Structure formats: structure tokens, C-alpha cells
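Before any comments, here is the structure.
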Amino acid sequence: PSGSGLHVGHPEGYTATDIYSRYLRMLGYNVLHPMGWDAFGLPAEQYAIKHNVHPAVTTRQNIENFRRQIRMLGLSYDWDREIDTTDPSYYRWTQWIFLQIYNSYFDPIDNKARPISHLLHQLENENYVVAPDGSIHLNPQQEGMEALSGHVDPFRFWRELSPAEQRDVIDGMRLAYTDEAPVNWCPALGTVLANEEVIDGKSEVGGFPVERRPMRQWMLRITAYAERLLADLDLLQWPDSLKEMQRNWIGKSVGAEIDFEIADWKDAGRGDQDVITVFTTRPDTLYGATYLVLAPEHPLVERVTTDSQRPAVEAYQALTRNKSERDRLADARDKTGVFTGSYAVNPINDEKIPIWIADYVLMGYGTGAIMAVPAHDQRDFEFARKFNLPIRQVVRPVQESSGATRGEKSDSSGPLPAAFEGDGIAVNSEFINGLPTPQAKERITEALEAEGTGRKSVKYKLRDWLFSRQRYWGEPFPILLNAEGDHFPLPESELPLKLPEMDDFKPTGTPEPPLSKATEWLHVQRDGVIYTRETNTMPQWAGSCWYYLRFIDPKNPSRFVDPEKEKYWMPVDLYVGGVEHAVLHLLYARFWHKVLYDLGHVSTPEPFARLVNQGLILGEMEFHFFQKGDQLISAEEFSQIDEEATADEGVRLFGIHRKTGEKVFATRVDETLVEKRQDRYVLKAHPTIAVDARSFKMSKSRGNVVNPDSIVENYGADCFRLYEMYMGPLEAPKPWNTRDIVGMSRFLNSVWRNLVGEESDGADTGSGRSSRVRAAEIPEAIDRQLHRTIKKVGEDIQNLRFNTAIAELIKLNNELSGLETIPHTLASTFTLLLAPFAPHIAEEIWQRLGHSGSLARHP
RNA sequence: GGCCUCUUGGCGGAAUUGGCAGACGCGCUGGACUCAAAAUCCAGUGCCCGAAAGGGCGUAUCGGUUCGACUCCGAUAGAGGCCACCA
């Protein structure tokens with residue numbers, strides 16, 4: 001409820017599941033069809049700030065209006081199961097699940113989460129040991145563990161660690177942990193944001209600039225689940241495009257890590273030898289590596305920079321550090337970087353290559369360092385061209401393959417036009433010469449592994465989930481901090497930790513969260529020690545990560561869901577929702593569910609078995625013609641317009657003329673003044689003047705939003721439902737067209753006339769039904785069509801193809817219109833078929849046909 | 001730049017998945033009813049030629065596979081979505 005009410009897009013998905021639910025109930029199924037309010041978070045809070053009302057108030061008001069509209073539409077939700085994520089009896093369990101995550105770690109051997117207590121047990125029994133960097137390993141002294149000893153020597157046992165060290169080791173393993181790292185800070189929203197919430201360097205909510213700055217934040221270790229989140233997509237009946245989006249977001253890359261020693265290290269007297277480890281998906285191009293690049297923030301930059309290069313390097317670091325995310329993206333085309341003064345040694349042939357730093361290498365991905373192969377990577381290619389670094393071809397394109405034309409180049413003169421990034425045959429690469437790319441990758445990796453200078457490696461683009469917000473309107477973390485900043489979980493008995501009531505809830509504009517001003521709430525005394533509560537709150541996604549589970553058992557006071565009920569209902573059989581949640585809610589919920597599954601709290605590895613994305617309902621078709629200066633534009637000139645008006649000049653500016661550079665303005669024109677000539681629309685009065693016809697996303701600023709209230713007022717809820725379902729396939733984006741609604745209105749009127757009678761204005765015939773409806777045999781021809789309709793409507797509902805189901809009902813009704821006598825059984829069956837789509841009128845007709853009770857559960 | 005999806009009458013969309021293209025609805029044209037309108041009913045409506053019978057063309061464009069292509073393959077053009085310096 002982040003807005004004041006429904007727009008016509010909401011009821012589309014709601015009606016779809018309602019029809020499906022009503023259909024299943026009539027088949028005798030037990031259907032759980034719930035509705036609730038995901039009301040914490042940025043969108044709801046922004047709404048409250050804008051209206052200068054406390055979010056608790058706006059949320060309550062908005063929910064009431066939403067509930068009214070939903071009831072108006074006749075959506076058969078089970079209101080006994082209504083939930084509200086901002087209700088303490090709900091978020092108590094959100095906090096409880098957070099504690100489950102906090103008290104767990106990911107066991108890479110079993111590839112699943114386990115309780116921290118299990119880890120402690122293993123450490124105390126010395127099955128595990130601690131390496132110098134704090135990482136935990138199998139005890140190499142135990143049977144069969146020798147292979148790991150090289151990596152953990154010199155290790156220590158748990159009992160050898162100080163309490164502070166022990167704490168650091170454990171905290172470093174938790175699935176919920178705090179980290180000081182560069183994060184997406186949005187000054188306008190006064191909070192940090194997850195990667196998933198930042199689009200083109202701007203916040204998804206509000207579109208405000210986002211900058212990188214290091215801050216201590218709560219993170220959830222979703223990356224531990226990358227492989228399972230990827231693999232288990234195969235279990236799901238989801239749209240392929242959506243699965244593909246999740247796959248791309250997880251971004252698995254298979255390649256190799258390769259260690260480059262730093263040249264002349266010992267001679268320079270700079271301490272122990274160190275290596276720069278790079279990640280590459282193309283180990284086969286190792287012979288083509290002509291330089292090496294570190295991310296500007298890479299920890300080794302300091303150590304490899306020579307004195308003479310130090311000023312330039314530090315200046316560059318400062319420059320990139322201060323660059324906003326937006327600027328960095330804007331500058332992406334132009335490569336920048338600085339030479340460190342040092343060289344690295346290629347492990348395959350001992351060649352010395354220069355080490356650079358550049359911001360096109362990201363610290364957050366892979367190892368934060370790359371080997372640059374300019375002949376076969378476009379980014380490296382651009383960089384090499386700019387800084388005159390050598391380009392050495394090591395892959396020859398396979399000839400005659402039509403796809404490999406881009407950037408091909410053999411040996412001859414002249415600069416290469418572009419890098420060749422495709423697969424081919426290895427050349428200039430000694431022992432792998434002549435091998436096709438896949439085999440060349442394997443041979444090189446094997447050779448590096450034998451030397452100990454490289455190894456197979458898998459990397460993911462997915463980052464850990466930044467889980468804290470500097471905002472008021474969210475679930476408080478059930479966490480206490482001591483003076484040292486160590487964190488301690490609240491005991492379950494103290495849940496829910498309620499959000500304190502504050503008049504001044506607005507973001508501070510600094511990283512200091514509003515809750516830090518809740519002085520009474522803030523401090524807690526325990527055993528003589530003063531603790532401070534965590535003042536960050538959880539993001540808006542927290543509550544929705546598990547609401548489907550609470551719907552199963554919404555009022556349970558002692559558990560988040562009863563295990564027996566959970567087994568009965570899960571997984572969710574059908575989830576209809578928008579595609580906008582592809583890499584947000586739908587990924588987060590799968591992650592939480594898997595943690596709960598690993599800990600034995602739920603019975604299925606995945607929460608949502610079948611998922612359908614309803615398509616966006618666009619605004620009504622708009623027709624515009626154009627002016628350049630004060631002249632109308634011809635069809636020829638129209639084709640010269642470079643798309644996209646700049647938003648700041650308002651919707652009237654349509655675009656920029658490609659040739660003249662002049663601004664072109666659009667004027668909206670009525671459809672009746674437009675006609676189609678061949679492939680283009682023109683003004684009827686001036687056929688040389690082009691008209692642009694298309695529909696836009698509904699938005700307040702464009703003024704093309706349709707309010708369901710007015711449609712229901714004019715046509716009724718059943719008609720509204722029918723129209724939305726009849727517009728086209730559920731999954732397809734479709735333009736709204738108010739004019740077309742009348743078709744559904746005529747259909748329902750005709751049904752009423754056929755079955756009830758001609759009397760209008762609610763006047764009743766007394767018998768309540770049309771005199772044409774009589775006890776009679778159904779003629780064979782119409783009986784055939786009736787059964788065709790039964791079959792078609794049933795199948796179409798199961799496949800969520802409501803548009804064709806309704807078409808079939810219209811056809812049958814058109815037949816009824818032609819009958820002198822409408823057999824009573826035919827009328828009754830038709831009414832039952834219509835009921836899931838138009839429940840109100842169907843109930844009314846059902847009673848007038850003389851049936852007792854509701855048809856809602858009639859077979 | 002990469003990945004994905006889409007393109008069928010004036011409009012929204014059908015087509016049992018390779019077998020009568022345009023179901024159904026809107027709009028439009030003509031007619032009935034009406035003093036008139038609304039509502040309703042009847043007939044027509046892909047484009048072109050034709051009074052009609054009939055004929056020709058037709059699913060973005062070009063090419064291919066097939067007895068047969070809206071459907072499968074390749075290329076091109078256009079629209080939309082997602083990701084984006086991820087090595």
C-alpha cells in the first residue's frame with residue numbers, strides 16, 4: 001500500500017487468481033487464496049513523508065482504501081488470513097527468522113546452512129582449525145585431511161584463540177554479518193540501498209543519485225547460495241525469461257584463477273614475495289596477456305607502486321574514489337588508468353608485463369585484478385589502444401563461421417579494428433597451439449594446476465545482500481551492541497522488538513538512522529552493562545520474504561508456521577505477480593526459504609512452484625502530431641526525429657530532429673482525426689502530416705492513469721473483471737481502451753436478458769426468470785456446443801487463458817439469444833461456467849433459476 | 001554493448017502447436033424499431049478488381065526447409081523488457 005489506492009494494473013493479477021481459485025473450489029479443491037499488506041519500507045515511507053503524515057497513519061489509511069476496492073471487485077480472498085507486515089505479531093517472526101539466519105553459517109561440505117552451535121561444536125572438538133586469516137578449515141591432523149594442510153599451516157586450535165579472536169571468527173562465518181565496505185549511499189533518501197535497488201546509478205525508488213561510500217552495514221550471505229539458487233531454477237515452472245533474468249543476475253562464470261608473481265620483488269627489498277591473483281574466463285589466452293590491471297582499491301596497489309609513480313597512482317585513486325556511481329557509468333566508454341611502475345611475471349612463460357590500475361576493473365568481482373588480453377577482450381583492447389600497450393593475437397577465428405566476422409584479423413599490417421572475443425583456434429601459444437578454445441582452456445588450466453600457479457575457479461556476479469537501512473519505517477533488528485560494537489542477539493522471549501513511536505521519523509540525511517534519536521528505546525541495561533540497540537532497520541523486502549508461509553497459519557502465537565500445516569500447503573501452487581520482482585523479492589524469498597529449509601523449518605527446497613507474470617496494462621493509445629518551430633512536420637521529417645524527449649522539458653517535447661537539431665513538439669490529437677495510410681498514421685485533413693500512435697506506461701505525470709473506482713461505478717465489478725481478462729493474454733502487455741469495455745457490458749446485459757428477462761431497471765418478473773427458460777430437452781446441436789464450451793473454459797482456466805474462455809462463453813450466449821426455448825439445465829450450466837469470471841451476476845441468476853444456496857462450491 | 005521477448009485487419013486479439021488465417025470483442029457501413037435519440041435487433045466488414053458470380057493478393061521484409069509455414073531455420077528492419085566496464 002505505497003499509494004492511496006489501486007490502479008487498473010493491480011486487479012489484473014488479482015482477478016486471474018480469483019477466477020482460478022473459484023474454478024478450483026467448484027471442482028472441490030481446498031483453496032488458500034489470501035491477501036495481505038506488505039507495508040514496511042521505502043515506498044510506503046516516501047508516501048508518508050510526501051504527505052507529511054506518520055507512516056503508521058498513511059499505511060492504515062491506504063490499507064483501508066485498498067481493502068474497500070478489493071472487496072468491491074468481488075475477489076474471493078480469505079480475510080481470516082489477512083496479514084500486515086508492519087504488525088508486531090507479524091514482524092516478530094520476521095525478526096525471529098533474521099535470528100535464525102544470524103545464528104547460522106554455510107557449510108560448504110554439505111552445501112547447506114547449519115546452526116552456529118554446530119560450528120562451535122566442531123571447533124571445540126578440534127575437527128576444525130582456524131587459519132591465520134580467520135578462515136576455518138578441517139583439522140589437517142585428522143585422518144585423510146592431509147591434502148588441506150598446505151593451506152592452513154600454521155593453523156591454531158579453538159582453545160588457542162582469545163575470546164575476541166573467537167568472536168571474530170564466529171561472526172565472520174554468520175549468514176548475517178556486519179561489514180565495512182563501499183555501499184550504495186543515496187543522500188536524497190538518506191539510506192543505503194542494495195545493488196538490486198540501484199538502476200543506472202540511481203535509486204529504484206524516486207530515481208535519486210546514488211554514491212559509493214564505505215559504511216558498516218548488515219549483510220546477508222546470499223552468495224553462499226548462488227549455486228543452489230541457480231541450479232534449483234530447473235525445478236520451477238516459471239517463465240523462461242524470468243529464470244533467465246535470475247541466471248544473469250547470479251552470473252556464474254567458469255574460468256581460472258592465475259597467480260602472477262611480482263617481478264624483482266626481492267631485489268626491491270620490499271618484504272615477502274606476494275602474488276597477484278587474477279580471475280579469467282579465458283585462461284587459453286594467457287599467452288596474449290600483455291599487461292595486468294588492478295582495481296584502484298586493490299590492497300596490493302600500495303605495495304606495487306614505485307616511488308616515482310606514487311603521486312600519479314594516488315591521484316588516480318582519489319579521483320575514482322570520489323566519482324559517483326553515475327559519473328563512473330557515464331565515463332564507462334573512455335578508459336582511464338595509471339601505470340604503477342611495477343611488473344608482473346606471467347607464470348606460463350616468465351614474461352614481464354606492466355601492472356596498471358584502472359577503474360574498469362571492479363574490486364567487487366572476481367579477485368579485483370585481471371590479466372589484460374587486448375586482442376581478445378574489447379575493454380582491454382580499448383585500454384591498450386589508448387595507452388599504447390602491445391596487442392598480441394593468440395586466438396585465430398575459425399573461418400567461414402558467419403558469426404565471427406566481428407573484429408577478425410589475422411597477422412597483417414594496420415591496427416586491429418576490434419578485439420576478437422569468440423572461440424577459435426589457439427595460435428602464438430606454444431603447447432596449446434592448434435587447439436580449439438574449449439580444449440585450450442583445459443590444457444592451460446591443467447598445466448597451471450600442475451605448477452601450483454593457477455586453478456579452476458567459479459565466480460558469480462551476485463553480491464551479498466545489503467540488509468540494513470537508515471530509515472525509520474522498517475523492522476528493527478533484534479540486536480544489541482556493546483561499547484566495542486560487538487553485537488548480541490536478543491533472546492526469542494524478547495520478540496517482537498517493537499518499533500518505537502516517534503513523531504520525528506524522517507531520515508536524518510546523514511548515515512545516522514532516525515532510531516538513534518529514540519532515546520528511551522535506545523539503551524538497555526543487562527547485568528550492569530549498558531547496551532545500545534541496533535538503530536538500522538530492515539529493508540522493505542524482509543517482510544515479503546516469507547509472507548506466503550504466514551498465510552498458512554496467520555494467527556499462530558507460538559511459531560511462525562505450524563509444521564503440519566506447512567507440509568499440507570507448501571509449495572505455493574500458483575503465484576501471479578509482476579516481472580519487476582525478478583531479481584529482488586523473488587530472489588530474496590528463495591534465499592530465505594532455502595535457509596529455513598536447511599534448518600528444517602520448512603519442507604520444500606523452493607517456495608513458488610508455478611509463477612506467472614501478468615503483463616503491464618499500458619495507458620490508452622495516444623495520437624500525436626508534431627511541430628518544429630511553428631511548422632507542422634511531414635511524414636518524411638518525422639522519420640528524422642531522434643527519439644526520446646528530455647523529461648525535464650515535460651511531455652510536450654517529443655524529440656530532437658536528427659538533421660537540423662531542432663526540437664520537435666508533440667500535440668495530442670483525437671483518434672477520429674487520424675487515419676492509416678499504408679504503414680503510417682496521418683491526419684485525415686492533412687495526409688502528409690505524420691501522426692505517432694502508441695501507448696505509454698500509465699503514470700500520474702502523463703495523466704493517463706485509469707482508476708478502477710470510476711469503471712466499476714459505470715459498468716459494475718463483473719464487467720470490469722471481464723474486460724481486464726478479455727483484453728488479451730495475461731502475460732502480455734496490453735493497452736487499456738475504455739471504449740472496448742462496452743462489449744463486455746453488452747455481453748452481460750444479453751446474458752441477463754436471455755436468462756432473466758427483458759425487464760430493466762431492476763423490475764422483477766415475479767418468477768425471477770425469463771419465460772424462455774423452461775424445463776426442456778437440450779437440442780443436439782446446442783448440446784454439442786455446450787460441451788465444447790465446458791471443455792474449452794475448463795482448459796483455458798487451467799492455462800490462465802481467460803480471454804479465449806470468455807470468447808467461448810460469448811459464443812454460447814449468442815446461441816442462447818437465438819433460441820425460442822432455453823432449457824433450464826442449459827441455463828444453469830451456462831451460469832456455472834460464467835461464475836468464476838462474473839461472480840456477482842452469476843449468483844443472482846443462479847438464484848433466479850430456482851437454485852438454493854450459493855454456486856460458489858457447486859460442482 | 002550483451003541477453004531475452006515480440007511484429008497477424010482501422011483497434012484489442014484468435015488459430016486445437018506444421019493443416020480452411022483473421023474466432024470473439026471494439027470500431028465502422030447499411031437497414032429495422034423510434035417523432036427523434038439512447039438501448040436493442042438484422043446484414044455486411046482483411047486488401048485489390050468486379051454490379052454479382054468469381055478472381056488475385058495477404059500474418060514486418062528477404063531467403064530457406066516442407067506435399068503444406070502465422071507457426072520451423074537463416075538474414076534484415078522495427079518495437080518492448082532485463083542486464084550492463086562482471087574479466
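All of these numbers come straight from a predicted model, not from anything done at the bench. Here is how names work: the chains are called A, B, and so on, in the same order as the sequence lines, proteins then strands, and each is numbered from 1.
Remark: P of B:G1 and CG of A:D377 are 16 Å apart, rounded to the nearest angstrom. Regarding A:N754, its CG atom lies at a distance of 13 Å from the P atom of B:U40, rounded to whole Å. Protein atom CE of A:M744 is 7 Å distant from nucleotide atom P of B:C26, rounded to whole Å. Rounded to whole Å, atom P of B:C24 lies 8 Å from atom CG of A:N814. Across the protein-nucleic acid pair, A:K441 atom NZ and B:A87 atom C1' stand 12 Å apart, rounded to whole Å. Per the geometry, CZ belonging to A:R746 stands 10 Å off C1' belonging to B:G25, to the nearest Å. The CG atom of A:L242 sits 11 Å away from the P atom of B:C83 (whole-angstrom rounding).
Applying the side chain to side chain donor-acceptor pair (under 3.5 Å) criterion to A:Y460, with sequence neighbours excluded, gives A:E227. Taking the salt bridge (charged side-chain N to carboxylate O under 4.0 Å, His left out) definition, one finds that A:D284 meets it with A:R282, sequence neighbours left out. The side chain to side chain donor-acceptor pair (under 3.5 Å) search around A:T281 returns none, not counting sequence neighbours. Partners of A:R739 under the salt bridge (charged side-chain N to carboxylate O under 4.0 Å, His left out) rule, at least two apart in sequence or in another chain, are A:E671. With sequence neighbours left out, the side chain to side chain donor-acceptor pair (under 3.5 Å) criterion links A:W238 to no other residue. Every residue two or more places apart in sequence or in another chain that forms a side chain to side chain donor-acceptor pair (under 3.5 Å) with A:Q246 is listed here: A:R590. With sequence neighbours left out, A:D796 forms a salt bridge (charged side-chain N to carboxylate O under 4.0 Å, His left out) with A:K792, A:R801.
Nucleic acid contact class of A:S253 (heavy atoms, under 4.0 Å, all strands): sugar-phosphate only. Residue-level contact check: A:K811 touches the backbone only, with heavy atoms under 4.0 Å from sugar-phosphate atoms and none from bases. Residue contacts shown for A:N749 are absent, as no nucleic acid heavy atom lies under 4.0 Å away. Among the heavy atoms of the strands lying under 4.0 Å from A:V742 are primed sugar atoms or P, OP1, OP2 only; no base atom is included. A:Y723 comes within 4.0 angstrom of no nucleic acid atom, judged by non-hydrogen atoms across all strands. Heavy atoms of A:R463 sit under 4.0 angstrom from at least one base atom.
Looking at A:R247 and A:D240, no side-chain N of the basic residue comes within less than 4.0 Å of a carboxylate O on the acidic one, giving no salt bridge. A salt bridge is absent between A:R385 and A:E382: the closest approach of a Lys/Arg side-chain nitrogen to an acidic carboxylate oxygen does not fall below 4.0 angstrom. Between A:R455 and A:D259 there is a salt bridge, with a side-chain nitrogen of the basic residue lying less than 4.0 Å from a carboxylate oxygen of the acidic one.
Pairing of B:G30, defined by two Watson-Crick or G-U wobble distances under 3.5 Å, is identified with B:C42. The partner of B:C47 is B:G56, by the rule that a Watson-Crick or G-U pair needs both atom distances under 3.5 Å. Across all strands shown, B:G74 pairs with B:C62; the Watson-Crick or G-U wobble distances both stay below 3.5 Å. The partner of B:G18 cannot be assigned: no Watson-Crick or G-U wobble pair with both contacts below 3.5 Å exists in any strand. With a cut-off of 3.5 Å on both Watson-Crick or G-U wobble distances, the partner of B:C11 is given as B:G25. The nucleotide B:G80 finds its pairing partner in B:C4, both defining distances of the Watson-Crick or G-U wobble pair being shorter than 3.5 Å.
The CG atom of A:D464 sits 12.0 Å away from the OH atom of A:Y225 when rounded to the nearest 0.5 Å.
Here, B:U71 and B:U16 have their C1' atoms 13 Å apart, quoted to the whole Å. Spacing between B:U34 and B:A39 at atom C1', rounded to whole Å, works out to 11 Å. Annotation: B:G56 and B:A77 have their P atoms spaced 35 Å apart (nearest Å). Annotation: B:A15 and B:C3 have their P atoms spaced 30 Å apart (nearest Å). The gap from the C1' atom of B:G30 to that of B:C24 amounts to 23 Å, rounded to the nearest Å. For the C1' atom pair drawn from B:A79 and B:A69, the interatomic distance equals 24 Å after rounding to whole Å. If you take atom P in B:G27 and the same atom in B:C73, they sit 39 Å apart, rounded to whole Å. Comparing the P positions of B:A14 and B:C72 gives an interatomic distance of 16 Å, to the nearest angstrom.
There is no side-chain donor-acceptor pair under 3.5 Å between A:Y287 and A:N346.
Sorted by residue number, the list of members of residues 579-586 of chain A with any non-hydrogen atom under 4.0 Å from RNA chain B is empty.
Judged by distance alone, with hydrogens and angles left aside, A:K335 brings a side-chain donor or acceptor within reach of the base of B:C85, the pair sitting under 3.5 Å.
The side chain of A:W249 lies closest to B:A84, out of B:C11, B:C24, B:A84.
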Close N or O pairs between protein and nucleotides 12-19 of chain B (under 3.5 Å):
residue, atom, partner, partner atom, Å
B:G12, O2', A:M727, O, 2.6
B:A14, OP1, A:N803, ND2, 3.1
B:A15, OP1, A:R801, NH2, 2.8

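Contact between the side-chain N/O atoms of A:R753 and the OP1/OP2 oxygens of B:C41 is found at a separation under 4.0 Å.
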